Peer 1: 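Below you will find the structure I want to go over with you.
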Amino acid sequence: MGMMPLLWCCDGSGERKTTSNGTDTVATTSAAPTPTSERIATMTEEVRMLMEQFGENPDPKLLQQAMSINDSIERLDTTQQGRFNTALTRAQLLAMSGNMLEAMEIQERLLSNNPDDFVRLQFYAGKYRMEGKLDSMNIYAERALSRCDKVIADSADNAVAVDQALMNKINIYQILDNRSKAKEANDQLARRHKDDPDYQLTDEEFNEEYNAARASLNQSAEAYRKNEKEMLRKSEKEVHRKGEKEKRKHSAPAQ
């Protein structure tokens, strides 16, 4: 059972499906396959495999190839869900390549139609952590945790919803760097699955997973701040270039 949230996003309709580690994936609808849809499915699987390969062997060429295929999918699938899927994939690929600022900007646009969605609260908690705006981070994190607690209280008969809320709490506490609270939520989850060894983490295993997740978050934050500095330097250079151009223009002798 993993606990590592790398990106936070939701689907265009506000409905979310989740993986076993609590990160969000895009909800899709089934339809009769067509040659085009089958081609899109094959290409999407190619992108997924390239991303997995990059995790094992961080070769930038793998991400470039995945981005190229994703661009081709975007040209083929012009549905609203298709545009969402390719935009989300682009954000994931950009994040994996270290372009966190652009990746977060894409996700922020995707979230704009879901102002009250839990994952938006989680997204902004993470975003403000990256920006070092800890007061704002805490506000959004507390809202997200309250949402989780409400789901747990209102979903006594929905085991999947309760499990997901607990995993989401673990992710939020990782953002807040609250190891004890993350462990508390993890222990609640383990008690709900006493017969499943995947949930029965030793203290050492929990700490390993927690530290790995924190390292990932710190790496993302570092990349985000680096991107911001690069953008600022480019902006300052452009202002300087325009200023020098204006100086030359006004100092040039009249013909």
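All values below were derived from every heavy atom in this structure, side-chain atoms included, with hydrogens, water molecules and symmetry-related copies excluded. In this text the structure is predicted, and so the values were computed from the model without any measurement.
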Peer 1: Rounded to the nearest 0.5 Å, how far apart are OG of Ser136 and CZ of Arg129?
Peer 2: 14.5 Å
Peer 1: Yes or no on side chain to side chain contact (heavy atoms under 4.5 Å, CB included) for Leu166 and Ile152, after CA distance, side-chain angles and deciding distance?
Peer 2: CA-CA 8 Å; Leu166 287 169; Ile152 293 171; 3.9 Å; yes
Peer 1: Could you list the residues that satisfy salt bridge (charged side-chain N to carboxylate O under 4.0 Å, His left out) with Arg48, not counting sequence neighbours?
Peer 2: Glu45, Glu52
Peer 1: Between Phe206 and Lys183, is there a cation-pi geometry (under 6.0 Å to ring centre, at most 45° from the normal)?
Peer 2: yes
Peer 1: Looking only at atom types and distance, does a side-chain atom of Asn178 sit under 3.5 Å from a main-chain N or O of Tyr173, one as donor and one as acceptor?
Peer 2: no
Peer 1: Please name the pair of heavy atoms, one in Ala125 and one in Met137, separated by the smallest distance, quoted to 0.1 Å.
Peer 2: O-CG, 3.3 Å
Peer 1: If you draw the axis of the six-membered ring of Tyr140, does the NZ or CZ of Arg143 fall within 45° of it and under 6.0 Å from the ring centre?
Peer 2: yes
Peer 1: List in chain and number order the residues that pass salt bridge (charged side-chain N to carboxylate O under 4.0 Å, His left out) with Glu131, two or more places apart in sequence or in another chain; answer none if no residue qualifies.
Peer 2: Lys127, Lys133
Peer 1: According to side chain to side chain donor-acceptor pair (under 3.5 Å), who are the partners of Ser97, at least two apart in sequence or on a separate chain?
Peer 2: Asn99
Peer 1: Please give me the minimum heavy-atom distance between Ala221 and Met130, naming the atom from each residue.
Peer 2: CA-CG, 3.8 Å
Peer 1: Starting from Phe123, can I reach Leu176 by hopping between I/L/V/M/F/W/Y residues whose side chains sit under 4.5 Å apart?
Peer 2: yes
Peer 1: Among pairs that include at least one residue of residues 82-107, which meet salt bridge (charged side-chain N to carboxylate O under 4.0 Å, His left out), considering only residues two or more places apart or in two chains?
Peer 2: Asp71-Arg90, Glu74-Arg90
Peer 1: What pairs meet the salt bridge (charged side-chain N to carboxylate O under 4.0 Å, His left out) rule with one or both residues in residues 151-170, with sequence neighbours excluded?
Peer 2: Asp149-Lys169, Lys150-Asp154, Asp163-Arg192
Peer 1: Does any N or O in the side chain of Asn211 come within less than 3.5 Å of the main-chain N or O of Asn207, such that one atom is a donor and the other an acceptor?
Peer 2: yes
Peer 1: Does anything in residues 211-231 form a salt bridge (charged side-chain N to carboxylate O under 4.0 Å, His left out)? List the pairs, not counting sequence neighbours.
Peer 2: Asp177-Arg214
Peer 1: Which pair of heavy atoms, one from Ala91 and one from Ala103, lies closest together, and at what distance?
Peer 2: O-CB, 3.2 Å
Peer 1: Which distance, rounded to the nearest 0.5 Å, do you find between the CG of Asp203 and the CD of Glu208?
Peer 2: 11.5 Å
Peer 1: What residues, two or more places apart in sequence or in another chain, satisfy side chain to side chain donor-acceptor pair (under 3.5 Å) together with Asp59?
Peer 2: none
Peer 1: Quick check against the 3.5 Å criterion: does Thr42 have a side-chain atom that pairs as donor or acceptor with the backbone of Glu38?
Peer 2: yes
Peer 1: Under the side chain to side chain donor-acceptor pair (under 3.5 Å) rule, collect the residues that match up with Tyr128, sequence neighbours excluded.
Peer 2: none
Peer 1: Please answer: with hydrophobic residues joined when any side-chain heavy atoms are less than 4.5 Å apart, are Met49 and Met67 in the same cluster?
Peer 2: no
Peer 1: Any non-hydrogen side-chain atom of Glu108 less than 4.5 Å from a side-chain atom of Met104?
Peer 2: no
Peer 1: Taking side-chain contact (heavy atoms from CB on, under 4.5 Å) as the test, write out the residues that go with Ala41, two or more places apart.
Peer 2: none
Peer 1: Holding to salt bridge (charged side-chain N to carboxylate O under 4.0 Å, His left out), I want the full list of residues that pass it with Asp196, two or more places apart in sequence or in another chain.
Peer 2: none
Peer 1: Could I get the full list of salt bridge (charged side-chain N to carboxylate O under 4.0 Å, His left out) partners for Asp77, not counting sequence neighbours?
Peer 2: none
Peer 1: Mind checking what makes side chain to side chain donor-acceptor pair (under 3.5 Å) contact with Ser155, not counting sequence neighbours?
Peer 2: none
Peer 1: Has the side chain of Ser146 got a donor or acceptor atom that lies under 3.5 Å from a matching backbone atom of Glu142?
Peer 2: yes
Peer 1: For Ala190, is there any backbone N or O sitting under 3.5 Å from a side-chain donor or acceptor partner on Gln200?
Peer 2: yes
Peer 1: Specify the closest pair of heavy atoms between Asn168 and Cys148, including all atoms of both residues, with the distance to one decimal.
Peer 2: CB-SG, 3.7 Å
Peer 1: Can a donor-acceptor pair be found, under 3.5 Å and without considering hydrogens, that links the side chain of Ser220 to the backbone of Ser216?
Peer 2: yes
Peer 1: Hydrophobic clusters here meaning ILVMFWY residues chained together by side-chain heavy-atom distances under 4.5 Å, can you tell me if Phe118 and Val151 are in one?
Peer 2: no
